[in-house]
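Working notes for the structure below.
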Amino acid sequence: MTRKVVLANDHGGVEIASAIKRHLEDRGFEVKYLGTETSESVDYPDYAKAAADEYLSGDYDFGVLCCGTGIGISIAANKIRGIMCALPQNRYAAEKTKEHNHANFIAFGGRVDYHDDPLKILDAYIDAKCLEDEKYNRRIAKTLELER
Ligand code: RB5
């Protein structure tokens with residue numbers, strides 16, 4: 001079964017999204033790409049919404065969002081019910097956000113100097129498992145309650 005990922009970016013995330021798309025395809029994922037491909041200024045909430053809507057209507061493993069910092073587009077995505085978008089600083093945080101938070105989206109900043117290679121951060125997220133632990137599930141349930 002092909003694993004599917006939705007990917008979107010604003011003008012601040014064009015290059016990193018392109019590298020991420022290649023990397024995901026190299027890893028065998030089918031990528032639904034909804035980002036802008038030019039440096040012309042656009043609004044990151046539009047891209048967060050497009051990717052979230054697609055994710056929620058399709059059979060996707062997870063979503064990836066990129067903007068200049070990763071911050072605006074992750075904040076926008078997290079306003080949408082059903083989306084838990086993480087903005088990990090490094091590989092450790094990427095692994096933990098899958099294990100402990102069950103994040104279904106991961107964001108990156110195209111203008112950020114990462115200490116770890118962003119593709120390795122992405123790999124850490126992909127290769128981690130959502131841990132079914134009573135305390136993690138309770139915290140996630142409490143977090144989802146905040147959407148009401
Ligand atoms: C666009 O200039 C920039 O504000 C955007 O990509 C992002 O960094 C916002 O959080």
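Every number for a ligand or one of its atoms is a count from 1 in the order of the listing.
- Residue Y44 has no nitrogen or oxygen atom sitting less than 3.5 Å from a nitrogen or oxygen atom of ligand 1, judged on distance alone.
- Residue G70 has no nitrogen or oxygen atom sitting less than 3.5 Å from a nitrogen or oxygen atom of ligand 1, judged on distance alone.
- Y125 and E95 share no donor-acceptor pair across their side chains, judged by distance under 3.5 Å alone.
- A donor-acceptor pair under 3.5 Å links the side-chain atoms of D133 to the main chain of K135, judged by distance alone.
- Counted by atom type alone, Y33 and N9 present one or more donor-acceptor pairs between their side chains at under 3.5 Å.
- For T69, heavy-atom contacts with ligand 1 shorter than 4.0 Å involve the backbone as well as the side chain.
- In terms of heavy atoms, Y47 sits closest to L34 at CD2-O, 3.4 Å.
- Near G68, meaning under 4.0 Å from one of its heavy atoms, ligand 1 places the atoms 5 (C), 6 (O), 7 (C), 8 (O).
- Protein heavy atom in closest approach to atom 7 (C) of ligand 1: C67 SG, 3.3 Å.
- With rounding to the nearest 0.5 Å, the separation of CG in N90 from CD1 in I121 is 6.5 Å.
- At the shortest separation from atom 1 (C) of ligand 1 among protein heavy atoms lies H11 NE2, 3.4 Å.
- Closest to atom 3 (C) of ligand 1, if we only count protein heavy atoms, is R111 NH1, 4.0 Å.
- Between Y60 and F29, the ring center distance fails the sub-6.0 Å criterion.
- For atom 10 (O) of ligand 1, a protein heavy-atom neighbour is found at a distance under 4.0 Å.
- Here the side chains of D116 and Y92 are not in contact, with every heavy-atom distance at 4.5 Å or above.
- Among all protein heavy atoms, the one lying closest to atom 5 (C) of ligand 1 is D10 OD2, 3.2 Å.
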